[in-house]
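Just so it is clear: chains get the letters A, B, ... in the order the sequence lines come, proteins before strands, and each one is counted from 1.
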Amino acid sequence: MSEEPGPAPSGTVDVPLDADAFEARSPHTLAESDRQHAFWADAAADAVEARVEAAEEAGERDPDDPIVVKGGISPSGVPHLGNMNEVMRGYFVAEVLRERGHEVRQVFTTDDRDPLRKVPRKLADLDGNVVGLGEVEDAGALGRNLGKPYTAIPDPFGCCDSYGDHFSELIRRSAEQLGVDIEIVSNTELYESGRLEDATRHVLANADRAREVLANYQNKVDADYVPFNPICAECGTVTETVTGIDLEAGTVDYRCTEMEAGDTTIGGCGHEGTATFREGKLPWRFEWPAQWRVLGVDFEPFGKDHAEGSWPSGDHIARAVFGDRPPVPMVYEWFTLNGEPFSSSAGNVVLAGEVLDLLEREVVHFFFAKDPKRARDFDITTLDQLVDEFDRFEQVILGEVEAPETERERAARVYPFVVDAVRPERVRIAYTFAAVLGMTDDTDLRETMARRSGHIPEGTPEWAVADALDRVPLARNWAVRTDNAYNYRLAETLPAVEFDDDTTAALADLADRIEADDPDDEALQEAIYGTARDHGVDVGDFFTAGYRLFLDEDQGPRLGPFLAALDSAFVVRRLRLEG
RNA sequence: GGGCUGAUAGCUCAGCCAGGCAGAGCGUCUGGCUCUUAACCAGACGGUCGAGGGUUCAAAUCCCUCUCAGCCCGCCA
């Protein structure tokens, strides 16, 4: 197998093939930004605008074309919150560019032609419920499909056309739940439709150049290396032994040999055949630049794992092999979950949908709007702190609290990208208190308690009341999930209690006072103290008796306002130990 | 071993580009509210800005060295 070396592709003549002479662009775009911004997405947007301008001046790009922001992952398993960086980081840059008057498309490649390299231990159904491998119908089928593209493997849940489609659908749903409109592009579809055919032909036509450049980054590249992996027509695995190339016909000849896949070696079937350029895939290091070319990508964020390997080689290959201008890169740090790395196999995952059962979308956006250069822990036990931080951030921009100049500037710039609309009349119930309100499922009672406690001021518009109360089920879910100090439940029926005679008499007395005067929250609080004193009951013990009676706990929220907010007939009955 | 990125109050984080009094919130403590009770108000406590050195009138900020953590330096993606 030998190719005529041919002339260098246009646009690549000045690009050195040696990595020492090439000098890849640093992907740490934010750190290198020459302008200070309150919001990191502005710094990224500056770089994108500079790229677009340069490309237009060079005649490489039509000024009428929209700017393209891309992200992408393999649909290899459960798409967790950390994976959503690929969606959310690009989203903020896209929104900033839109605000600056650009038309922007946010595309997302699902790299579904990648081969399955190991059997996942955890899967998730389309509703986002994580299940163990053993819980699906034919778990063994996955093991028999090692080495095949995700889109060529049956969906273990039987609901989608393939394994790849299943997890791509989960990614799509997650993005939708986060309120981000992405155009999902199936990599398999790019190959099968022929959209990647020219790029594939180009790489193979310049195979010497491709080899020489990639050899800077990967040791296994030798004279026999062919930058194309055909799919075996016999066994369906992605294989790598190419024995001949026919550029004219757009085919390669191959022999299906064994292939290293992580720790395991996937045996080839030995089949010898011919595959078209649509029946295989480019190796990742070429595929990424090929996607940039075909989709016209201007900006691409990626995790720190790509910063030192894939990015420099991708930058180099785009320029030296394709003669293309690579997109503006941006490295983001990874998240951890509850202090540990996200790990599907260890079960340390949380999906976007699950998070949205605990937090308003705005709060999740707020989390993703923080500086991507910093590794962050998403700690479920302290979500109240995150929400408090968001609430304050909101109060700062609305001028409701004093704050240092820098904090005000940052809030003013970032806030509009985090919320759907800036609504000064909105009301937030403190997250922990919202969790406490979740002690009852009675929504009217929740509202009454929120109003009486001052969390919902007089004159709040109806929509704002409804929005504020929407936090209650979220905070309740959190309290239940973490089983923390805010996990109260209003005792629907009389708990098993035993009080001494003085306490019983005092409770009955308190019932009488409530029945007679219908005291407001402060008056009721006073009445509790007064009653305890009158009957010679220790105040602390009396409060505990109250919490026992209504919550079946030893502690609780401020008792006066709490009881005042409840239906008084119910309170009287309970105090008399009648039910 | 080499490279990249990060480290600021108990916790969550601003400030660093372009040097100018060490900041915010939460938590804690104290006090207030006729009142031990997770909602409210006031105040206080809390710092070797990871360590050391250099430049400078002045360093969290700029430079160098080091420590720790994550990632990359096989293959794959």
task = Kindly indicate whether the side chain of Lys304(A) and the base of G70(B) share any N or O donor-acceptor pair separated by less than 3.5 Å?
result = yes

For residues 537-546 of chain A, which side-chain N or O atoms pair as donor and acceptor with protein atoms under 3.5 Å away, sequence neighbours left out?
residue	atom	partner	partner atom	Å
Asp538(A)	OD2	Gly540(A)	N	3.0
Asp538(A)	OD2	Asp541(A)	N	2.9
Thr544(A)	OG1	Gly540(A)	O	3.0

message = Nearest heavy atom decides the nucleotide; on that basis, is Val436(A) or Lys370(A) closer to the 5' end of RNA chain B?
response = Lys370(A)

query = Is any N or O donor-acceptor pair between the side chain of Ser76(A) and the base of A77(B) shorter than 3.5 Å?
reply = no

message = Closer than 3.5 angstrom, by distance alone: can the side chain of Arg392(A) be matched with the main-chain N or O of Val387(A) as a donor-acceptor pair?
response = no

note = The correct set of residues in residues 384-393 of chain A placing a heavy atom under 4.0 Å from RNA chain B is Gln385(A), Glu389(A), Arg392(A)

inquiry  = Distance alone, cut at 3.5 Å: any donor-acceptor contact between the side chains of Thr109(A) and Asn187(A)?
reply    = no

ask   = For Asn85(A) and Arg89(A), does a side-chain donor sit closer than 3.5 Å to a side-chain acceptor?
value = yes

task = Would you please confirm or rule out a distance under 4.0 Å between OP1 or OP2 of A14(B) and any side-chain N or O of Arg374(A)?
result = yes

query = Applying a 3.5 Å limit to both distances, which nucleotide forms a Watson-Crick or G-U wobble pair with C49(B)?
reply = none

task = Specify the residue among Asp377(A) and Pro283(A) whose closest nucleotide of RNA chain B lies further upstream toward the 5′ end.
result = Asp377(A)

request  = Going 5' to 3' through nucleotides 31-37 of chain B, assign each nucleotide B (protein heavy atom under 4.0 Å from a base atom), S (under 4.0 Å only from sugar-phosphate atoms) or - (no protein heavy atom that close).
outcome  = ---BBBB

key: CZ (Arg255(A)) with more than 12 external heavy atoms under 6.0 Å   = no

ask   = How are the rings of Trp311(A) and Trp288(A) set relative to one another: parallel (under 30°), tilted (30 to 60°) or perpendicular (over 60°)?
value = perpendicular

ask   = Are Asp46(A) and His37(A) close enough that a side-chain donor and a side-chain acceptor fall under 3.5 Å?
value = yes

